[in-house]
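Beneath this line is the structure, given in structure tokens, with notes to follow.
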Amino acid sequence: VIRDVEAMRRRRDDIERKLLDLWQEPDDGPATAARQDIATRQGEQTARWQRAERARPEIERDLEYLLDRLPTRIARQLQRAAGRLDQPIADLVEGACDACGYAMPAQEAINADREAELITCQGCGRFIVPRSSRKTRDRG
């Protein structure tokens, strides 16, 4: 969520910069339409940012609930990783950690992809999950 909020803020800043540039140009047909388009997108982006901010407390409560349900050893390991890394979970991409690029041993990559066991990246210490798992969770 934090990464998404930061991405939205960067996009908002970029749109505001473009909007300011267009507002300083003389009025004519194409510039006016572009100004309106940017203003509309800026409003939509601000609304998405506000929805994300409103959803944050609920997401944090859900996260705390889920963390409480983890086995103690795994919860401690996850908290240690979260204390030193901005994102303690990374995707498995073509047999490698998406965060640091560490090429996993073949059997570990297979186990992570099948979700047969909990795999930790030996390069950065993040938990590894297959991208397909994230897509499934995001839909549900």
**Salt bridge present between Asp14 and Arg11 (N-O < 4.0 angstrom)** = no
**Side chain to side chain, Arg84 and Arg80, heavy atoms closer than 4.5 Å** = no
**Fill in**
Heavy-atom closest pair (Cys97 atom, Cys121 atom, distance to 0.1 Å) is CB-SG, 3.6 Å
**Asked** Which distance, rounded to the nearest 0.5 Å, do you find between the CG of Asp62 and the CG of Leu66?
**Response** 6.5 Å
**Request:** Using the test side-chain contact (heavy atoms from CB on, under 4.5 Å), find all partners of Arg10 that sit at least two apart in sequence or belong to another chain.
**Result:** Glu6, Ala7
**Asked** Can you find a pair of side-chain heavy atoms, one from Glu64 and one from Arg61, that are under 4.5 Å apart?
**Response** no
**Item:** For the student: nearest non-hydrogen atoms of Val5 and Glu53, plus distance
**Value:** CG1-OE2, 3.6 Å
**Asked** Are the side chain of Arg12 and the backbone of Gln45 linked by a donor-acceptor contact shorter than 3.5 Å?
**Response** no
**Complete:** So CG of Asp98 and CZ of Arg126: to nearest 0.5 Å the spacing works out to 9.5 Å
**Message:** Taking Leu63 as the starting point, is it possible to reach Val129 by hopping between hydrophobic residues whose side chains are less than 4.5 Å apart?
**Reply:** yes
**Prompt:** What are the two closest heavy atoms between Thr120 and Gly125, and how far apart are they?
**Reply:** CG2-O, 3.4 Å
**Prompt:** Less than 4.0 Å between a side-chain N and a carboxylate O, is that true for Arg41 and Glu44?
**Reply:** no
**Prompt:** Does one hydrophobic cluster hold both Val93 and Leu118, with members joined at side-chain heavy-atom distances below 4.5 Å?
**Reply:** no
**Request:** Run through the side-chain heavy atoms of Ile, Leu, Val, Met, Phe, Trp and Tyr, join any pair under 4.5 Å, and report what else lands in Met104's cluster.
**Result:** Leu92, Tyr102, Ile119, Ile128
**Asked** Can you name the nearest heavy-atom pair linking Gly95 to Ala109, along with the distance?
**Response** CA-CB, 4.0 Å
**Donor-acceptor contact below 3.5 Å, side chain Glu117 vs main chain Asn111** = no
**Item:** Distance-minimising heavy-atom pair for Ala99 and Cys124
**Value:** CB-SG, 4.5 Å
**Asked** Can Asp4 and Arg56 be counted as an ion pair, charged N to O under 4.0 angstrom?
**Response** no
**Prompt:** When rounded to the nearest 0.5 angstrom, what distance separates OG1 in Thr46 from CE in Met8?
**Reply:** 10.5 Å
